[in-house]
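Here's the structure, in structure tokens; my notes come after.
Throughout, a chain's letter reflects where its sequence line sits, starting with A, and its residues are numbered from 1. A quick note: this is a predicted structure, and the numbers were derived from the prediction, not measured.
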2 protein chains.
Amino acid sequence: MSNLNDTITAPATPAGVSALAVIRLSGNDAISIANTCFDKDISKANGYTIHYGHIVDGDTRIDEVLLSIFKNPHSYTGEDSVEISGHGSPYITRRIVETLVKHGARIADPGEFTLRAFLNKKLDLAQAEAVADMISSNSEASLQMALSQMRGGFSEDIAVLRQELVDFAALIELENDFGEEDVEFANRPKLKALVDKLLTQIEKLRSSFASGNVLKNGINTVIAGKPNAGKSTLLNALLNEERAIVSEIEGTTRDTIEEVFTLNGIQFRLIDTAGLRESTDHIEKIGVGKTKEHMLNAELLIYLFDISKTTPEQLQIEIAELPQISNTILVANKADTIAHVEKDWPKNTVFISAKNKDISKLTSELERIAGQYEFGNETIVNNARHADALTQSSESLNQVITGIESGITSDLIALDIRNALYQLGLITGEVTNDEVLDSIFTRFCIGK
Amino acid sequence: MSNLNDTITAPATPAGVSALAVIRLSGNDAISIANTCFDKDISKANGYTIHYGHIVDGDTRIDEVLLSIFKNPHSYTGEDSVEISGHGSPYITRRIVETLVKHGARIADPGEFTLRAFLNKKLDLAQAEAVADMISSNSEASLQMALSQMRGGFSEDIAVLRQELVDFAALIELENDFGEEDVEFANRPKLKALVDKLLTQIEKLRSSFASGNVLKNGINTVIAGKPNAGKSTLLNALLNEERAIVSEIEGTTRDTIEEVFTLNGIQFRLIDTAGLRESTDHIEKIGVGKTKEHMLNAELLIYLFDISKTTPEQLQIEIAELPQISNTILVANKADTIAHVEKDWPKNTVFISAKNKDISKLTSELERIAGQYEFGNETIVNNARHADALTQSSESLNQVITGIESGITSDLIALDIRNALYQLGLITGEVTNDEVLDSIFTRFCIGK
């Protein structure tokens, strides 16, 4: 880990020709370094104030900027901080950063501003991770979940669980101190009841990860069907609907991934495997090799057929060959081109005309599926690291139960409780280590 | 032109997943709209203050942000303005802008913030154009020139020229009022002397455009030579040197154009024409068609030859076929592979080994050429629109001279003076029209 006493700097906005660019500066010397590089005296400036002037390197003017001043502890990092808002030229941004470095700052590691915020107890580890989730949020569901986690609801739940365990751990540890005397301060049936209760709560959190993952990352979706069933046309119709919304604001869609569409705040992510696409040329091949793997991992299968070229009997054969995916939608395309009797077809078949963009019955069905994942006020785990820690904690607590039932000694029980506590503590960062911090913060943007 | 009484909003930073994104809001209702969309009361906030809170749409939280408040006239636009600094997610940026629009703002046209700054007399037209130059500046020379123009030195020069003309125009107009009476308030020899002086000054400015253009846009450079002379190797060596500097700061180089390198703050832009490259396979073809045109427009020709496979006599033949470009550098490549006597070769031949990255003699020569364009404190015209207006103004003033010499009537002289004034006024925007403003501001970034 880099030296945390350094004053750090980094661009906080994407490189690109734009109206503004923001450069951050944080650390003990942030105000004095900024003061050296600014053509007005800001050494006495109050926090939460803005100052107009120029970034200078000696006699050379570099940019006309606004400086925002934040004073320890009332800043994002908890340290003295300065944000420099200059002209949005990558060249100027580089010059400003170079000037700050020349006068004593160091280029920040990715996530180092947020790491410092964590170390200065401005936020706990789960909240710090929510900051990264905020930045990568790309749907209403992922945004609201990140905001909720940043508010600390999840952290509080974990804190409550930990406190109950800590109290019991204290009693157990006390027994250990009296080792030879064979006393039991911690009532065994009461401990078992508590651990059972905690296990239920942990299991509830842990099992919410399936939803949390969908809310955060979207629903893995496969559109399959024979050649010319109209898959591309359907995809365009689905994407068009979304594009119409997205493209209202020029310049905001640059990073939109192709083949993702959003309904009711939930993203549907089309699994993009060349193999999968090729294999749809020969539907009978579905279910083999890599493709099968991909399809089995999908959370939603949209199976499209051309109703004008398919009989109900043929469809039954095709269906029999499909992998079992809990959410499967049968979609009869080109329903406008041929007279058909809906009850001849499997129940729940959705009739559309992708070409005419008449896909409302399908989007209704997709909205229903999105609704399954609706985000309410309950705590939802959306982070694999947290889910993993909960699983580990759960395993340790199950050991505690087994231990109590088999009457093992308090020191062994204490060991398992301590491990459960350790795992819960990892989530919020009550306990941590450089490896965990590194793996979390190196995935952050530079400048955050 | 859109309604200037609207309150406008736009993202001011590039779309992209990043630490921060900034959204601008400006106009009469900026503070009240921001107040509606913020979970704290900022209606009484002072200018140049920062406020921490959340952007909300009714009960829905959208982002945790910092709001910066600017009060009319102490803002970039001269209007009440708010800058919202939120998490750098394109999705969140879009949601914030949508929320502001829902509560009464309108999406800004490109350049509309700066247009308003111009209309509110926060800067003149030449300064507004310098803002765009700042944003697109990508070398020290282009940056310093833009900063200088933003400071208004050029505008002052133009204002002085105009004032002298205005004073004389007033006298001439007075003569017109006394039309029938044949009086001459404006002393003709004195007028002629003034116009001569102005013409000299205008010509000096106008002729600085050649340098200004190089400082702003770089030196158009062609690297030519027979196949296997080592052009690509040289290019890589030149670019490598530059890359080493550029890549120090991660994430800042995304928009760097390939095949541009900077020395002493001046850019060398390699003219990238497939035609030109192909034709170098057959050096004898150089000088025909499109390629010739491109080469003739170049400001610098680097002619590379393989000294191990070329005799001085062969080189003379090759040189004879080259187009005449004022700056031409003869470069003997692979000088490390063969014994050679420098005086056998044309004077000023530069000996390098591109493969060994031993190109210091060439870079010295390039630095010498860059030095020709060094930017001092003199006023330099770097904008084709300004150069054009100066030319037009100059033509009108020449008409004035001709008119005085041939003794034409004061009303015709007044007409030419007025036209010269009009042209000078176009530069700083003393006179303007929607067409000129449109053509300037539509080329701006959104959010500026």
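- In terms of heavy atoms, B:Ala12 sits closest to A:Ser18 at O-CB, 3.8 Å.
- Between chain B and the options A:His51, A:His54, A:Glu140, A:His74, heavy-atom pairs under 4.5 Å are most frequent for A:Glu140.
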Intermediate values then yes/no, side chain to side chain contact (heavy atoms under 4.5 Å, CB included), A:Cys445 and B:Val17: CA-CA 8 Å; A:Cys445 296; B:Val17 172; 4.1 Å; yes
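- Side-chain atoms of B:Ser89 come within 3.5 Å of backbone N or O of A:Ser137 as a donor-acceptor pair.
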Apply side chain to side chain contact (heavy atoms under 4.5 Å, CB included) to the pair A:Leu66 and B:Tyr76, showing each step before the final yes or no. CA-CA 10 Å; A:Leu66 293 173; B:Tyr76 179 69; over 6 Å; no
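- If you measure heavy-atom distances from B:Asn46 to chain A, you find no contacts under 4.5 Å at all.
- Minimum interatomic distance between A:Met134 and B:Ile62 (heavy atoms only, all atoms of both residues): CE-O, 4.4 Å.
- Atom OG in A:Ser136 sits 13.5 Å away from atom OH in B:Tyr91 (nearest 0.5 Å).
- Judged by distance alone, with hydrogens and angles left aside, the side-chain atoms of B:Glu64 form no donor-acceptor pair with the main-chain N or O of A:Met150 at under 3.5 Å.
- Residue B:Leu20 touches chain A through both its backbone and its side chain, counting heavy-atom pairs closer than 4.5 Å.
- Interface check for chain A: of the options B:Val131, B:Leu143, B:Ile50, B:Thr49, the most heavy-atom pairs under 4.5 Å are formed by B:Ile50.
- At a 4.5 Å heavy-atom cutoff, the contact between A:Phe70 and chain B is made by side-chain atoms alone.
- In this structure, the portions of A:Ile135 lying under 4.5 Å from any heavy atom of chain B include both its backbone and its side chain.
- Neither the backbone nor the side chain of B:Ser148 comes within less than 4.5 Å of any heavy atom of chain A.
- Of all heavy-atom pairs spanning A:Gly447 and B:Ala19, the tightest one is O-CB, 3.1 Å.
- Using a 4.5 Å cut-off between heavy atoms, A:Thr114 does not touch chain B at all.
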